[in-house]
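Since the structure comes first, as structure tokens, the remarks are kept for the end.
Remember, it's a predicted structure, so these values are computed and weren't measured experimentally. Throughout, protein chains are lettered first and strands after them, A, B, ... in sequence-line order, and every chain is numbered starting at 1.
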2 protein chains.
Amino acid sequence: MMNILVVEDEPGIHKFLKQGLEEEGYAVDVADDGHQGLALATGKSYHIMLLDWMLPGMSGLEICKQLRERHIDTPIIFLTAKDTIQETIEGLQAGANDYIKKPFSFEELLERIRVQLRNVKVSTESIIIENIKIDLNAHQVFKDEVEIHLTQKEFELLVFLIRNQGKVCTRKDIIEQVWDIHFDYDTGVIDVFVNGIRKKLDLDKETGFLQTIRGIGYLVR
Amino acid sequence: MMNILVVEDEPGIHKFLKQGLEEEGYAVDVADDGHQGLALATGKSYHIMLLDWMLPGMSGLEICKQLRERHIDTPIIFLTAKDTIQETIEGLQAGANDYIKKPFSFEELLERIRVQLRNVKVSTESIIIENIKIDLNAHQVFKDEVEIHLTQKEFELLVFLIRNQGKVCTRKDIIEQVWDIHFDYDTGVIDVFVNGIRKKLDLDKETGFLQTIRGIGYLVR
DNA sequence: TTTGTATGATGAATATTTTAGTAGTAGAAG
DNA sequence: CTTCTACTACTAAAATATTCATCATACAAA
């Protein structure tokens, strides 16, 4: 199930959106001031966020910028009365994915939400790569339909690498993003865990999809 | 270096878009009827496409649907006078990524194009020169679609030289930028690595794009 | 205890640099 | 025009350095 964060202070729209979106089957969280919005956005994982611009506490624009700075790439749609071209551009430059002016058609909003979800859908729910299936919700990994138990860190590492499919992840990237260590990149942990994953999933060092890029890091093909 | 396909029949808008986008540094192809548009869209690879809805031959909506059916996932922005909510939804459902109603602001269009390009950019960082393709994300090099393994330093050197395409890189430049050595420019390393690259990529000393400039350094044509 | 996570040591594989011999080039002198 | 000389580049192979996989083990949390 897809979950949506709505940050909106006007009680009328607030209620209308929550009800309308829930009827469509989305799980909706609502925040009615900027700080609460940012806190929810950073603390929990959403599939998409709808932001008003003018909010008590902190503006939607500011929330958007801060999220992008922290590399939280959840799609953001602005939903605002600020309707000039200049403001639209500013909102999009801040990192938003779409910008809808009030008053808006709920049907169009729904469709624009779906457009954004099309892009992320692939990377939520579950990922399949070769004979490996990864269920991101259940935190389960299957190899040829047989469940393979990965530990927490092994799972996180695998997901991180697969999410960056096609990009080389440097050791620094990995240690920062997966272990959240921002100094001393020089432990052998990564090697050990990669090794563990390869062993459990029976991935060949040479031919498997999880490749070593010597001197740099690792890459999922 | 992004290229855009514009499918639009009205000569005025047609010209205006081509010129405006080219001024922004995009490579623009224009088609003025539906069939030609589809042919270009399927035959060549674009980073983004702008489609009018009403077109002679085949509608933009139809083009969009056909492309999605063939799993061509290039971002599509509709740019059309069809301005009802119902039509907007129909356009987005057909697989478009954004829908802009005429008359539109060129500045806003530019920004919305950038939004779409943000998504693809990551996977598009590659350089092609003759029959050699260099994927900067995956750190991979292909010659005639076959992967050639270069070591870290070989890769760095090649990228450095290619990034300075057309400019002669002196030995000093190279040793400073690629090796980060700021004294003792007189080792034979560069020669050795150039030699290695030429060998692996099968570049002829005389005719290949990686040329020796005697007494100075090297040059990529 | 059991399970998950991190560290350190080892050796093998691979990358980088140095060295040295060969070959090619340009300018000067015969 | 040829030959000599000094210089520069090319190449292979040897020497050195780095990186990774693996194992054993230690520590921490459940």
Side-chain angles (χ1 to χ4, degrees), chain A residues 139-141 147-161 168-208 210-220, chain B residues 139-141 147-161 168-208 210-220:
Chain A
H139 277 234
Q140 284 176 321
V141 177
E147 190 185 345
I148 307 286
H149 176 80
L150 295 192
T151 68
Q152 176 67 11
K153 267 270 150 16
E154 284 170 341
F155 187 82
E156 280 176 42
L157 174 57
L158 180 61
V159 169
F160 175 76
L161 291 170
V168 173
C169 301
T170 65
R171 284 161 176 280
K172 184 164 171 260
D173 285 346
I174 297 171
I175 211 81
E176 287 197 338
Q177 303 271 339
V178 181
W179 270 267
D180 207 28
I181 293 172
H182 303 273
F183 44 90
D184 180 29
Y185 308 126
D186 192 25
T187 71
V189 226
I190 299 171
D191 305 55
V192 176
F193 275 82
V194 166
N195 192 280
I197 291 169
R198 290 215 260 234
K199 225 173 198 170
K200 286 189 181 176
L201 298 185
D202 196 26
L203 297 172
D204 187 82
K205 206 194 304 175
E206 324 262 289
T207 59
L210 176 42
Q211 305 239 311
T212 304
I213 307 298
R214 193 159 219 277
I216 309 178
Y218 294 90
L219 163 71
V220 168
Chain B
H139 278 239
Q140 285 175 320
V141 177
E147 190 186 344
I148 308 286
H149 176 82
L150 296 192
T151 68
Q152 171 69 2
K153 268 267 143 40
E154 286 168 340
F155 187 83
E156 280 176 41
L157 174 57
L158 180 60
V159 169
F160 175 78
L161 292 170
V168 174
C169 301
T170 65
R171 282 162 178 280
K172 184 164 171 258
D173 286 346
I174 296 170
I175 211 80
E176 288 197 337
Q177 303 271 341
V178 180
W179 270 266
D180 207 28
I181 292 172
H182 303 275
F183 43 89
D184 179 30
Y185 309 127
D186 191 25
T187 70
V189 232
I190 298 171
D191 305 56
V192 176
F193 275 82
V194 167
N195 189 357
I197 291 169
R198 290 213 261 234
K199 220 174 197 173
K200 286 189 180 176
L201 298 186
D202 197 24
L203 298 172
D204 187 83
K205 209 195 300 177
E206 324 263 287
T207 61
L210 176 41
Q211 305 243 311
T212 305
I213 307 298
R214 189 159 224 274
I216 307 179
Y218 294 90
L219 163 70
V220 167

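- When side chains are defined from C-beta on, B:V189 counts as touching B:I175, because their heavy atoms get closer than 4.5 Å.
- B:F155 meets the ring-ring contact (aromatic ring centres under 6.0 Å, His included) test with B:H139; sequence neighbours excluded.
- Looking at every heavy atom in both residues, B:R171 comes nearest to B:D191 through NH1-OD1, 3.0 Å.
- A straight line from CD of A:E206 to C1' of C:dT14 spans 12 Å, rounded to a whole angstrom.
- The two atoms that bring B:T212 and B:Y218 nearest to each other are OG1-CE2, 3.5 Å, heavy atoms only.
- Each end of the helix from C:dT1-D:dA30 to C:dG30-D:dC1 gets its own axis, taken as the rotation carrying the C1' atoms of four end pairs onto the next four within a five-pair window, and the two axes meet at 20° to the nearest 10 degrees.
- Considering every non-hydrogen atom in both A:Q211 and A:E206, the closest pair reads NE2-O, 2.9 Å.
- In terms of heavy-atom proximity, B:R198 sits nearest to B:L210 at NH1-O, 2.6 Å.
- Taking CD1 of B:I197 as the start and CD1 of B:I148 as the end, the distance is 12.5 Å to the nearest 0.5 Å.
- For B:F193, the ring-ring contact (aromatic ring centres under 6.0 Å, His included) test picks out B:W179, with sequence neighbours left out.
- Along DNA chain D, the stretch of nucleotides lying under 4.0 Å from any heavy atom of chain B spans, 5' to 3', D:dT8 to D:dA12.
- Tested against A:L150, the residues A:K153, A:E154, A:Q152 include a single side-chain contact (heavy atoms from CB on, under 4.5 Å) partner, A:E154.
- Nucleotide C:dA15 holds its C1' atom 12 Å from the CD1 atom of A:I216, rounded to whole Å.
- Atom pair B:F155:CZ and C:dT16:P shows a separation of 13 Å (rounding to whole Å applied).
- Distance, A:I213 CD1 to C:dT14 C1': 14 Å, rounded to whole Å.
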**Request:** Apply side-chain contact (heavy atoms from CB on, under 4.5 Å) to B:Q140 and A:L219, showing your working.
**Result:** CA-CA 11 Å; B:Q140 285 175 320; A:L219 163 71; 4.1 Å; yes

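- By the 4.5 Å heavy-atom criterion applied to side chains, A:L161 and A:I174 are counted as neighbours.
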**Request:** Check the pair B:T170, B:E176 against side-chain contact (heavy atoms from CB on, under 4.5 Å), reporting the backbone distance first and the verdict last.
**Result:** CA-CA 10 Å; B:T170 65; B:E176 288 197 337; over 6 Å; no

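- Between B:L201 and B:L158 the shortest side-chain heavy-atom distance falls below 4.5 Å.
- Here the P atom of nucleotide C:dT7 and the CD1 atom of A:I190 are 11 Å apart, to the nearest Å.
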Taking only N/O atoms, report every protein-nucleotides 1-6 of chain C pair under 3.5 Å with atom names and distance.
| unit_1 | atom_1 | unit_2 | atom_2 | d |
| --- | --- | --- | --- | --- |
| C:dG4 | OP1 | A:H149 | NE2 | 3.1 |
| C:dT5 | OP1 | A:K153 | N | 3.3 |
| C:dT5 | OP2 | A:T151 | OG1 | 2.3 |
| C:dA6 | OP1 | A:W179 | NE1 | 3.3 |
| C:dA6 | OP2 | A:W179 | NE1 | 2.7 |

Short N/O separations, protein against nucleotides 10-13 of chain C, under 3.5 angstrom:
| unit_1 | atom_1 | unit_2 | atom_2 | d |
| --- | --- | --- | --- | --- |
| C:dA13 | N3 | A:R214 | NH2 | 3.3 |

